[in-house]
Protein chains: 4
Amino acid sequence: MAGTINKVILIGNLGDEVKIHYFDGGDSIGRFPLATSETYVSKQTGEKITNTDWHNVVVKNKLAEICEKYLVKGDKVYVEGKLKNRQWEQDGIKRYATEIHATELTMLSNKKSAENNPNVSKNSQPTSVISVSHTDENDDLPF
Amino acid sequence: MAGTINKVILIGNLGDEVKIHYFDGGDSIGRFPLATSETYVSKQTGEKITNTDWHNVVVKNKLAEICEKYLVKGDKVYVEGKLKNRQWEQDGIKRYATEIHATELTMLSNKKSAENNPNVSKNSQPTSVISVSHTDENDDLPF
Amino acid sequence: MAGTINKVILIGNLGDEVKIHYFDGGDSIGRFPLATSETYVSKQTGEKITNTDWHNVVVKNKLAEICEKYLVKGDKVYVEGKLKNRQWEQDGIKRYATEIHATELTMLSNKKSAENNPNVSKNSQPTSVISVSHTDENDDLPF
Amino acid sequence: MAGTINKVILIGNLGDEVKIHYFDGGDSIGRFPLATSETYVSKQTGEKITNTDWHNVVVKNKLAEICEKYLVKGDKVYVEGKLKNRQWEQDGIKRYATEIHATELTMLSNKKSAENNPNVSKNSQPTSVISVSHTDENDDLPF
DNA sequence: TTTT
DNA sequence: TTTT
């Protein structure tokens with residue numbers, strides 16, 4: 001095909017730590033859930049409704065290692081990437097999942113450095129400790 | 001939460017017709033599969049590999065009706081929307097699917113008008129017959 | 001033409017306060033400069049170079065009023081909008097400027113509420129006090 | 001700063017040919033104007049108004065050469081890039097211009113190959129002959 | 001003019 | 001499971 005575009009832009013909060021898996025040969029893959037949410041007032045009941053969507057973010061190699069090092073549960077990040085469908089079989093049943101394979105990631109808050117450095121002045125400004133791009137040195141891997 | 005962003009931008013081709021469902025009261029929902037693909041050369045085998053991802057696009061109300069009217073299988077469209085997770089139970093098994101709820105859609109080709117209007121001059125330029133936005137008149141519905 | 005897309009996505013810091021102008025009839029327009037920057041290491045000299053770009057953000061009506069109320073110099077915001085070219089004559093010379101007409105704006109930090117509410121607990125997490133969209137109630141105006 | 005994002009996404013038509021300039025050492029820079037437009041009905045006069053914006057797209061090195069080779073006036077392209085401000089002096093007057101420095105470009109029509117290959121079957125589907133990314137091999141140049 |  |  002070509003002439004196609006597949007782009008996702010998310011700003012959300014990590015629902016859990018980054019789980020990283022190392023392959024033989026040095027490649028690695030990391031995963032974390034990211035929450036985005038919308039709040040609106042129901043036209044039927046008048047009550048305020050918050051709707052949260054969870055996104056499976058996948059990071060690879062250097063980007064995975066940086067994420068594991070600097071991101072913690074609750075952090076707010078900007079993620080840019082591609083939608084990828086993964087399918088596998090579990091107990092004879094076909095399972096499908098949609099993942100966001102990140103190509104760019106920028107921190108918009110940094111709990112971890114604040115936690116680890118109690119003397120660092122804390123203010124309400126977000127601090128970006130990482131802002132990295134994924135380059136496809138080796139994307140010809142079985143994941 | 002707020003302070004979050006959930007945005008998807010796709011340019012791809014329809015893998016099938018738009019399937020529309022009308023609700024009592026006039027609301028409607030339409031769905032179609034959209035393909036994006038990447039072609040790259042494997043570093044291991046040297047062969048050209050095409051990787052296709054399929055996206056479940058969801059359109060509502062006026063946007064759904066326009067899509068059903070003007071889009072056909074094979075058409076190329078620009079879609080902007082949000083990632084939404086849907087879950088349901090089938091045979092006692094929890095199923096999950098990720099959908100792209102379109103908020104904007106622009107045609108980049110128009111097979112249908114060309115087919116139906118054989119006298120229309122055909123050229124290699126894409127013609128946009130629709131370019132519409134979804135406004136949330138009534139998004140407080142059970143879909 | 002149609003079949004065209006004009007979209008800008010920025011995350012940056014306000015270089016100055018929001019300047020708002022009210023028209024007879026209640027319409028309003030606000031403007032503020034937004035900075036984005038890149039840091040890289042020069043391949044020639046080895047020194048670290050920071051490159052800042054300044055963007056003229058334009059907001060209208062309700063969005064303008066919210067921005068004036070909640071945003072202050074230094075705040076970090078997410079802005080989505082369109083590129084618009086403006087031209088005018090000054091001393092007989094044609095001048096051109098490019099503006100970003102915002103359609104969506106989300107705060108990623110909130111200095112103002114923190115300043116004004118000294119008792120509010122301050123932490124390193126960005127807080128979003130506004131997240132608004134511009135709807136074109138009346139875009140047929142001379143600005 | 002860091003923690004900032006500067007992203008532009010355009011789909012539009014070339015208003016002129018790609019003008020390329022080669023530097024000593026093999027680097028090159030190309031430029032072309034890209035038009036996007038909006039059509040709306042005036043609430044005051046009821047007439048249909050088309051509003052066109054022109055964008056100065058800048059491409060470098062390999063991407064510049066591919067654009068010069070394959071793009072012609074009128075072609076429709078998807079461009080992703082960054083907003084950059086350029087300033088220079090002309091007749092003692094400071095001039096400013098905003099450019100879109102492209103990082104990704106995908107063709108959505110191909111007049112040139114159609115022109116040059118009269119036997120090629122012409123249909124209303126856009127064909128993508130190029131889809132390329134800019135990688136910053138050498139961005140430490142005086143342009 | 002911002003920010004780290 | 002996040003966040004406000």
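Computed from heavy atoms alone, side chains included, the values below leave out hydrogens, waters and symmetry copies. Residue numbers begin at 1 in each chain, while the letters A, B, ... track the order of the sequences.
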Euclidean distance, atom CG of residue A:Leu108 to atom C1' of E:dT2 [Å, nearest integer]
16 Å
Atom-to-atom span, CG of A:Leu10 to P of F:dT3 - whole angstrom:
17 Å
Within the stacking criterion (centroid distance below 5.5 Å, interplanar angle below 30°), does A:Trp54 stack on F:dT1?
yes
Integer-rounded Å distance: E:dT4 C1' and C:Lys48 NZ
8 Å
Please, which pairs that meet salt bridge (charged side-chain N to carboxylate O under 4.0 Å, His left out) have at least one residue in residues 85-94 of chain C, sequence neighbours excluded?
C:Arg86-C:Glu99
Can you list everything that forms a side chain to side chain donor-acceptor pair (under 3.5 Å) with B:Gln90? Sequence neighbours excluded, please.
B:Arg95
Any sub-3.5 Å donor-acceptor pair from A:Asn85's side-chain atoms to B:Trp54's backbone N or O?
yes
Of the listed nucleotides (F:dT1, F:dT3, E:dT2), which one gets closest to any side-chain atom of A:Ser37?
F:dT3
Find the distance A:Arg31:CZ to F:dT2:P and express it as a whole number of Å.
21 Å
Looking at F:dT3, E:dT1, E:dT2, which one has an atom nearest to any side-chain atom of C:Pro33?
E:dT1
Tell me: CG of A:Asp75 to C1' of F:dT3, nearest whole Å?
11 Å
Separation of atom CD1 in A:Ile49 from atom P in F:dT3, rounded to whole Å:
22 Å
Euclidean distance, atom CZ of residue A:Phe32 to atom C1' of F:dT1 [Å, nearest integer]:
13 Å
Taking the side chain of C:Asp16 as its heavy atoms from C-beta onward, which of E:dT1, F:dT3, E:dT2 lies nearest to it?
E:dT1
CD1 of C:Ile11 to OG1 of A:Thr106: how many Å apart, nearest 0.5 Å?
7.0 Å
Between CE of A:Met107 and P of F:dT3 the distance, given in whole Å, is 13 Å
